A.B. asks: 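Pasting in a structure now, in structure tokens, and then I'll have a few things to ask.
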There are 2 protein chains.
Amino acid sequence: MKKIDILKKLRSSGLRPTKQRVEIAKFLFEREKTFHFTVESLNKLLSKKSGSKIALATIYNTVHAFKTAGHLSEVEVRGNKTYFDTNVSNHHHFYDSETSELIDIDANDIIIQKLPKVPNGKKIKNVEVFINLKN
Amino acid sequence: MKKIDILKKLRSSGLRPTKQRVEIAKFLFEREKTFHFTVESLNKLLSKKSGSKIALATIYNTVHAFKTAGHLSEVEVRGNKTYFDTNVSNHHHFYDSETSELIDIDANDIIIQKLPKVPNGKKIKNVEVFINLKN
DNA sequence: ATCTAGTTTATAATTATTCTAAAGTGAAAA
DNA sequence: TTTTCACTTTAGAATAATTATAAACTAGAT
């Protein structure tokens, strides 16, 4: 991902490109594969990589701004921490509770044949399939 | 649900039937319909109903013992609190984020036609479908 | 009725996350 | 370029959910 795209991601999230935010954005978006993380793991990886110490509050703020702008999605995982995903397309997840690892499933790899009737006056926002794994 | 069944639920969870535990168990399991709750909501409902003040720690301990014994299931919901469900059969959920309300979906009301290949050496423990609703 | 291991409870501790307010900085305007 | 100021970063405090602790209590075996 080019530098200009990183700046676009920031600006489209309503964020001015400060040193810290650029560092976070590059770490998240300059990758081939999708990336799953918690704020805690992101913090550790960032400080390990660059030795810099970005305040946790800054990471929370930046990640939430990206999420609100639709550049990150939040994944529901059994447990206490919130997981994020750089894959914002419509897709599903495997969850391996042995390793606490999330794995993306392409939306096309799951076909739902029958869906239940939706409650009165409501519409479907989205459907998430979660496949829990064991050994 | 008969009193003897409440005692069975407790004993099968490795819990001696104390006054507090019986009160929690009756409140949870003496119902026709399935019941969704958080520890916080359960605590409020219990104190409103009987005026008794069961310590939060006791509610946490008891609910977790029921969960471990398979008498309650935990439902993943976007947010910070943990939801529990008295329906422990294989089933799915609607989630209405407007009202923070969970609604059960019978397992037979969703048919999945195609599932992805499972990662090496892993097996599927279960498949959960989560339908987010909007107005 | 007594005794003991298991329980309850209030409170402290922990963990994830958000808030705060002081010090620092990007970038628009001069 | 330099100034200026609203936006940022940061350390630490505050909050919220949950878990741990340890002293007082109790179910149920003896």
Side-chain angles (χ1 to χ4, degrees), chain A residues 3-4 6-28 36-47 50-69 72 74-84 100 102, chain B residues 3-4 6-27 36-47 50-69 72 74-84 100:
Chain A
K3 181 155 195 181
I4 194 157
I6 291 295
L7 295 184
K8 263 187 202 164
K9 280 246 192 304
L10 286 166
R11 290 200 209 283
S12 63
S13 307
L15 299 176
R16 295 202 309 207
T18 65
K19 188 155 47 96
Q20 293 85 344
R21 287 168 175 171
V22 169
E23 189 175 331
I24 294 170
K26 290 178 80 167
F27 189 78
L28 291 178
H36 297 105
F37 63 96
T38 64
V39 168
E40 190 198 17
S41 70
L42 177 58
N43 184 39
K44 277 187 191 160
L45 289 169
L46 277 173
S47 49
S50 53
S52 67
K53 300 147 199 160
I54 300 178
L56 255 190
T58 300
I59 297 180
Y60 273 102
N61 290 339
T62 307
V63 164
H64 280 139
F66 284 144
K67 188 204 154 190
T68 301
L72 289 175
E74 194 179 331
V75 185
E76 217 42 51
V77 177
R78 221 167 276 292
N80 34 349
K81 288 182 204 156
T82 303
Y83 280 68
F84 293 92
S100 299
L102 275 175
Chain B
K3 183 155 193 179
I4 194 158
I6 291 294
L7 295 185
K8 262 186 203 162
K9 280 244 191 307
L10 286 165
R11 290 201 210 284
S12 63
S13 308
L15 300 176
R16 294 203 306 207
T18 64
K19 188 157 47 98
Q20 292 86 344
R21 286 168 176 171
V22 169
E23 190 176 328
I24 294 170
K26 291 177 81 169
F27 189 79
H36 297 105
F37 63 95
T38 64
V39 168
E40 190 198 16
S41 70
L42 176 58
N43 185 38
K44 278 186 189 161
L45 289 169
L46 276 173
S47 48
S50 53
S52 67
K53 301 148 198 160
I54 301 179
L56 255 189
T58 300
I59 298 181
Y60 272 102
N61 290 340
T62 307
V63 164
H64 280 138
F66 283 144
K67 188 204 154 190
T68 302
L72 289 175
E74 194 178 332
V75 185
E76 217 42 52
V77 177
R78 222 168 276 292
N80 32 350
K81 288 181 204 155
T82 303
Y83 281 67
F84 293 92
S100 299

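Model, not experiment: these values are computed from the prediction. All chains are named by letter (A, B, ...) in the order of the sequence lines, taking the proteins before the strands, and each is independently numbered beginning at 1. Both backbone and side-chain heavy atoms feed into the values below; hydrogens, waters and symmetry mates do not.
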A.B. asks: Might you point out which heavy atoms bring B/Ala69 and B/Ser12 nearest each other, and give the distance in Å?
C.D. replies: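 B/Ala69 and B/Ser12 have their closest heavy atoms at CB-O, 3.8 Å.
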A.B. asks: Under 4.0 Å between a side-chain N/O of B/His64 and OP1 or OP2 of D/dT19, yes or no?
C.D. replies: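 The answer is yes; a side-chain N or O of B/His64 sits under 4.0 Å from OP1 or OP2.
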A.B. asks: Between B/Asn61 (side chain only) and B/Ala57 (backbone N and O only), is there a donor and an acceptor less than 3.5 Å apart?
C.D. replies: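 Flag set: sc B/Asn61 to bb B/Ala57 pair under 3.5 Å.
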A.B. asks: Output yes when at least one side-chain N/O atom of B/Thr38 is less than 4.0 Å from OP1 or OP2 of D/dA17, else no.
C.D. replies: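 Negative; the distance criterion is not met.
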A.B. asks: Is the phosphate of D/dT18 approached by B/Tyr60 (side-chain N or O, under 4.0 Å from OP1 or OP2)?
C.D. replies: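 It does, given that an N or O in the side chain of B/Tyr60 lies less than 4.0 Å from OP1 or OP2 of D/dT18.
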A.B. asks: Decide yes or no for B/Glu23 and B/Ile54: does some side-chain heavy atom of the first lie under 4.5 Å from some side-chain heavy atom of the second?
C.D. replies: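 Yes - at least one pair of side-chain heavy atoms lies under 4.5 Å apart.
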A.B. asks: Can you measure A/Leu7 atom CG to C/dG26 atom P for me and round it to whole angstrom units?
C.D. replies: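 About 13 Å, once rounded to whole Å.
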A.B. asks: Rounded to whole angstroms, how far apart are NZ on A/Lys81 and P on D/dT19?
C.D. replies: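 In whole Å, D/dT19 P and A/Lys81 NZ are 14 Å from each other.
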A.B. asks: With a 4.5 Å cut-off on side-chain heavy atoms, are A/Phe37 and A/Leu72 touching?
C.D. replies: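 They are in side-chain contact.
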A.B. asks: Output the rounded distance in Å from CZ (A/Phe37) to P (C/dA16).
C.D. replies: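 My rounded result for the distance is 16 Å.
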A.B. asks: Where the side chain of B/Ser47 meets the backbone of B/Lys44, is there a donor-acceptor pair that is under 3.5 Å apart?
C.D. replies: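 Indeed, once roles are kept as given, a pair shorter than 3.5 Å links the two residues.
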A.B. asks: Below 4.5 Å, heavy atoms only, C-beta onward: do A/His64 and A/Phe84 meet side chain to side chain?
C.D. replies: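 Answer yes - side chains close enough.
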A.B. asks: Which heavy atom in B/Tyr83 sits nearest to a heavy atom in B/Ser100, and how many Å separate them?
C.D. replies: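 Taking B/Tyr83 first and B/Ser100 second, the nearest heavy atoms are OH-O, 3.3 Å.
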A.B. asks: Atom OH of A/Tyr83 and atom P of C/dT17: how far apart are they, to the nearest Å?
C.D. replies: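 It works out to 11 Å between those atoms.
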A.B. asks: What pair of heavy atoms forms the shortest contact from A/Ile6 to A/Ala25, and how long is it?
C.D. replies: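 The answer is CD1-O, 3.6 Å.
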A.B. asks: Can you tell me the distance, in whole Å, between the CG atom of B/Leu56 and the P atom of C/dT11?
C.D. replies: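 Interatomic distance, CG of B/Leu56 to P of C/dT11: 13 Å.
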A.B. asks: Have a look at the helix from C/dA1-D/dT30 to C/dA30-D/dT1 and give the angle its two end axes make, five pairs each, rounded to 10 degrees.
C.D. replies: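 Rounded value for the end-axis angle: 20°.
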A.B. asks: Below the 4.0 Å mark, does C/dA16 have OP1 or OP2 next to a side-chain nitrogen or oxygen of A/Thr82?
C.D. replies: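 No, because none of the side-chain N or O atoms of A/Thr82 sits under 4.0 Å from OP1 or OP2 of C/dA16.
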A.B. asks: Please report the shortest heavy-atom distance between A/Thr58 and A/Gln20, naming the atom on each side.
C.D. replies: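 Residues A/Thr58 and A/Gln20, closest heavy atoms: CG2-CB, 4.1 Å.
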A.B. asks: Could you pull out the protein-nucleic contacts involving nucleotides 7-9 of chain C (nitrogen or oxygen on both sides, under 3.5 Å)?
C.D. replies:
{"residue": "C/dT7", "atom": "OP1", "partner": "B/Arg16", "partner atom": "N", "Å": "3.1"}
{"residue": "C/dT7", "atom": "OP1", "partner": "B/Arg21", "partner atom": "NH1", "Å": "3.0"}
{"residue": "C/dT7", "atom": "O5'", "partner": "B/Arg21", "partner atom": "NH1", "Å": "2.9"}
{"residue": "C/dT7", "atom": "O5'", "partner": "B/Arg21", "partner atom": "NH2", "Å": "3.4"}
{"residue": "C/dT8", "atom": "OP1", "partner": "B/Thr18", "partner atom": "OG1", "Å": "2.4"}
{"residue": "C/dT8", "atom": "OP2", "partner": "B/Arg21", "partner atom": "NE", "Å": "3.3"}
{"residue": "C/dT8", "atom": "OP2", "partner": "B/Arg21", "partner atom": "NH2", "Å": "3.3"}
{"residue": "C/dT8", "atom": "O3'", "partner": "B/Gln20", "partner atom": "NE2", "Å": "2.7"}
{"residue": "C/dT9", "atom": "OP1", "partner": "B/Gln20", "partner atom": "NE2", "Å": "3.1"}
{"residue": "C/dT9", "atom": "OP2", "partner": "B/Ala55", "partner atom": "N", "Å": "3.0"}
{"residue": "C/dT9", "atom": "OP2", "partner": "B/Thr58", "partner atom": "OG1", "Å": "3.2"}

